[in-house]
Amino acid sequence: QVQLVESGGGLVQVGGSLRLSCTASGRTFSSYTMGWFRQAPGKEREFVAASRWNGIRYHADSVKGRFTISRDNTKNTVYLQMNSLKPEDTAVYYCAARASRISDLTRLYDYWGQGTQVTVSS
């Protein structure tokens, strides 16, 4: 069982930056693929970025060049650095984990955090 707790959300102006953190319980964190997803009001949850244990990373086209996923296996923590934020980045951001290779499919992730709100004001 893996428990995920996100933090770092908040209100930021257009062009600003935020860093989200997700800390996982359990001793097998380093072997998991960790992902970030987001869900805006009235929209489906969508993939943002994912990181495999071996350093392989994948970012959605909509955030490529602005967001960066990273992880510190010694701290059981995955991060999402978000720069050049836009109003369309406003959403609840979720951390997720799966014990297999990288995927951008929501349904393939086994564990989810409670989410953290990110609001970008114009």
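Below, all heavy atoms of this structure are taken into account, side chains as well, without hydrogens, waters or symmetry copies.
With hydrogens and angles left out, the side-chain atoms of Asn76 and Thr23 include no donor and acceptor closer than 3.5 Å. Between Thr90 and Thr119, the side chains place no donor N or O within less than 3.5 Å of an acceptor N or O (distance only, hydrogens not considered).
Between Phe67 and Tyr93, the two ring planes are tilted [angle within 30° to 60°].
Side-chain contact between Tyr111 and Gln1 is present, with at least one heavy-atom pair separated by less than 4.5 Å. Counting only heavy atoms from C-beta outward, the side chains of Cys95 and Trp112 never approach each other to under 4.5 Å. Using a 4.5 Å cut-off on side-chain heavy atoms (C-beta onward), Tyr79 and Asp72 make contact.
Taking CD1 of Ile102 as the start and CG of Asn54 as the end, the distance is 7.5 Å to the nearest 0.5 Å. To the nearest 0.5 Å, atoms CE (Met34) and OG1 (Thr77) are separated by 9.0 Å. The OG1 atom of Thr68 sits 7.0 Å away from the CG atom of Asn83 when rounded to the nearest 0.5 Å.
Judged purely by atom type and a 3.5 angstrom limit, Tyr109 uses its side chain to pair as donor or acceptor with the backbone of Ser103. Judged by distance alone, the side chain of Arg52 and the main-chain N or O of Ser31 form a donor-acceptor pair under 3.5 Å. With hydrogens and angles disregarded, a donor-acceptor distance shorter than 3.5 Å links the side chain of Ser25 to the backbone of Gln3. Side chain of His59 to backbone of Ile69: a donor-acceptor contact under 3.5 angstrom is found. Side-chain atoms of Gln39 do not come within 3.5 Å of backbone N or O of Ala91 as any donor-acceptor pair.
The hydrophobic cluster around Leu105 extends to Leu108, counting ILVMFWY residues whose side-chain heavy atoms fall within less than 4.5 Å of a member.
Applying the salt bridge (Lys or Arg N to Asp or Glu O under 4.0 Å) test to residues at least two apart or on different chains, the pairs with a partner in residues 34-49 are Arg38-Glu46, Arg38-Asp89.
For Trp53, the CH2 atom sits in a loose shell: 12 or fewer heavy atoms of surrounding residues, nucleotides or ligands are nearer than 6.0 Å. No more than 12 heavy-atom neighbours from other residues, nucleotides or ligands sit within 6.0 angstrom of NZ on Lys75.
Taken together through direct or relayed side-chain contacts under 4.5 Å among Ile, Leu, Val, Met, Phe, Trp and Tyr, Leu85 and Val14 form part of one hydrophobic cluster. When the side chains of ILVMFWY residues are joined at heavy-atom separations under 4.5 Å, either directly or via intervening members, Leu4 and Leu18 end up in a single hydrophobic cluster. Linking Ile, Leu, Val, Met, Phe, Trp and Tyr residues whenever their side-chain heavy atoms come within less than 4.5 Å leaves Tyr32 and Ile56 in two separate clusters. Criterion: ILVMFWY side-chain heavy atoms under 4.5 Å apart, direct or through other members. Under it, Leu20 and Phe37 are not part of a common hydrophobic cluster. By the criterion of side-chain heavy atoms lying less than 4.5 angstrom apart, applied directly or through intervening Ile, Leu, Val, Met, Phe, Trp or Tyr residues, Val63 is grouped together with Val78 in one hydrophobic cluster.
Closest approach of Arg66 and Ser84 over heavy atoms only: NH1-O, 3.0 Å. Shortest non-hydrogen contact noted between Leu80 and Val48 is CD2-CG1, 4.1 Å.
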